There are 2 protein chains.
Amino acid sequence: MGRRSDHTREELRALFISEGHAHLAQVGLAKFSGREVAKRVGYSVGTISNLFGSVDGLIVAINSRSFEVWAQILRDRLESADGDRIAALVDGYFAFAQQSPELWSAIYAHRLPEGLDLPDEDKARRAGLTQIVEDEIRAVLPAGTDADLVRLARSLVAVVHGHCSFVVSGSFALLEEPDPQGAALARVRESLAAHGYRAEDFRSDSGLGDSENRRSL
Amino acid sequence: MGRRSDHTREELRALFISEGHAHLAQVGLAKFSGREVAKRVGYSVGTISNLFGSVDGLIVAINSRSFEVWAQILRDRLESADGDRIAALVDGYFAFAQQSPELWSAIYAHRLPEGLDLPDEDKARRAGLTQIVEDEIRAVLPAGTDADLVRLARSLVAVVHGHCSFVVSGSFALLEEPDPQGAALARVRESLAAHGYRAEDFRSDSGLGDSENRRSL
DNA sequence: ACCGATTACTGAACGGTGTTCAATATATTT
DNA sequence: AAATATATTGAACACCGTTCAGTAATCGGT
């Protein structure tokens, strides 16, 4: 077979990303197969190299797509949140990781080979997630330099990320923790409090992690 | 060639782990090759399956070895620490990750296939690291239930882990953070303070992360 | 309407991977 | 010394990602 042109290049990329996303969610990064994805899409092996440069390139694109799905989950949780928007953020962070553990861990397990780094387009696609958090943190802390606020927001993302990572990877470190998400939230609240969190309404909280918080404050 | 028996089974395992450790540090998990390790050790392909069940089994053993190296680094830092033992812990955590990024990320990037989970022996080998942290946290907080203390200690490990993960993965999230380790330490101190940290001497601290801390307390 | 030139896609070939398991050569036991 | 048990091999297999000459559809010019 030769030229087909039943899809534009962009449509074809979208097809591979979509099918690849599903495949990655099923089998995980270790067993991910570009050949398999090509077969499912109905195109030949070489097409991946044409479109994405390499299988690594395809995985990068798939992971960027994951970030978009993830960000949308955060927005949904914020939308349907009661007053406690910080809890909603933590909840959204965990939600994606736990409902799609293979997709989530692929994001952090995948390291692109020496030399090339993330295309700018992918950086932009992924920035949305942290942006959401930054905006929420800004709304809840006393005004300071924006640079400091951005740094704190990302540091708090790291706090939640660490807990999430231990849960998904099944690290023994959190095996005995009945409520890792609660613990993450508690740590976030402790740091926010240290930075002058405007307490509004603290009413609804749950989980043992928060009891730590309550006990000591 | 047939039977050789120039090493006991345990010696042979140690050989593969040692050589595999070096190989993993060089090329990273994605390019890790069991065949290559076997060649270096001077044994044939099949030997890995005999000794470790599979290449995944070998990687598990290598990663457990990494935990031991890592724990030793923590102990060294504690030994040569000035008064600030918490900073020493954070420093040790980052030190291993940054001096052996491939080994560190292999620990968390490797997910063992559906079905089998970590052998008890490996769990024990890996527990040493968190044990060190637990002991230090216990020494520095007012006495409470030991269960709560263990959970808090591990949660704090997760806090540091998250920052470390973002650094090693080169995640854009911390690109604008000049001192991620300082940020991790600041978050840990904020949580410790919330739980009644006995402040002893706070004298020597450094880094922007800590300035956040100082400003807000 | 035709015909190069261009483009999109193919898929066999290649070198690599992990796993299996009959064959084999050394140890150990009888 | 013979028989048995054990440790190790390595060819065979089925997969993987990358390459690239080849081919067929489309396009631009006449």
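Both backbone and side-chain heavy atoms feed into the values below; hydrogens, waters and symmetry mates do not. The shown structure was predicted, so the numbers you read here are calculated from the model rather than taken from an experiment. Numbered from 1 within each chain, the chains take letters A, B, ... in sequence-line order.
- The interatomic distance linking B:His7 (NE2) with D:dA7 (C1') rounds to 13 Å, in whole Å.
- Between B:Leu12 and A:Ser49, the one whose closest nucleotide on DNA chain D sits nearer the 5' end is B:Leu12.
- Judged by distance alone, the side chains of A:His21 and A:Ser66 do bring a donor and an acceptor atom under 3.5 Å apart.
- Computed from coordinates, the A:Ile48 CD1 to D:dT19 P distance equals 13 Å when rounded to whole Å.
- Two residues are said to be in side-chain contact when any heavy atoms from C-beta on lie closer than 4.5 Å; A:Arg126 and B:Ser171 fail this criterion.
- In this structure, the CG atom of B:Leu51 is 15 Å from the P atom of C:dG18, given to the nearest Å.
- Using a 4.0 Å heavy-atom criterion, one finds that B:Val45 contacts the bases of the nucleic acid, with or without backbone contacts as well.
- Contact of B:Arg35 with C:dG18 (side chain to base): a donor-acceptor pair of N or O atoms is detected under 3.5 Å.
- A straight line from CZ of B:Phe16 to C1' of D:dT8 spans 10 Å, rounded to a whole angstrom.
- Here C:dG11 presents its C1' atom at 12 Å from CG of A:Asn50, a figure rounded to the nearest Å.
- Put simply, B:Ser44 has no side-chain N or O that comes within less than 4.0 Å of OP1 or OP2 on D:dT8.
- Base engagement by A:Gly46 is indicated by at least one non-hydrogen atom pair under 4.0 Å involving a base atom.
- For the pair A:Ile59 CD1 and D:dC16 P, the interatomic distance rounds to 13 Å; values are reported in whole Å.
- For the pair B:His110 NE2 and C:dG18 P, the interatomic distance rounds to 11 Å; values are reported in whole Å.
- Heavy atoms of B:Ser5 sit under 4.0 angstrom from primed sugar atoms or phosphate atoms, though from no base atom.
- Protein atom CZ of A:Arg9 is 12 Å distant from nucleotide atom P of C:dT7, rounded to whole Å.
- Here A:Arg40 pairs with A:Glu36 in a salt bridge; the nearest charged N to carboxylate O distance falls below 4.0 Å.
- In this structure, A:Phe32 and A:His23 have tilted ring planes: the angle between them lies in the 30° to 60° band.
- Nucleic acid contact class of B:Asp56 (heavy atoms, under 4.0 Å, all strands): none.
- B:Tyr93 and B:His161 have perpendicular rings, their planes meeting at more than 60° on a 0 to 90° scale where under 30° would count as parallel.
- When distances run from any side-chain atom of A:Thr47 to the nucleotides D:dG17, D:dT8, C:dT10, the shortest one goes to C:dT10.
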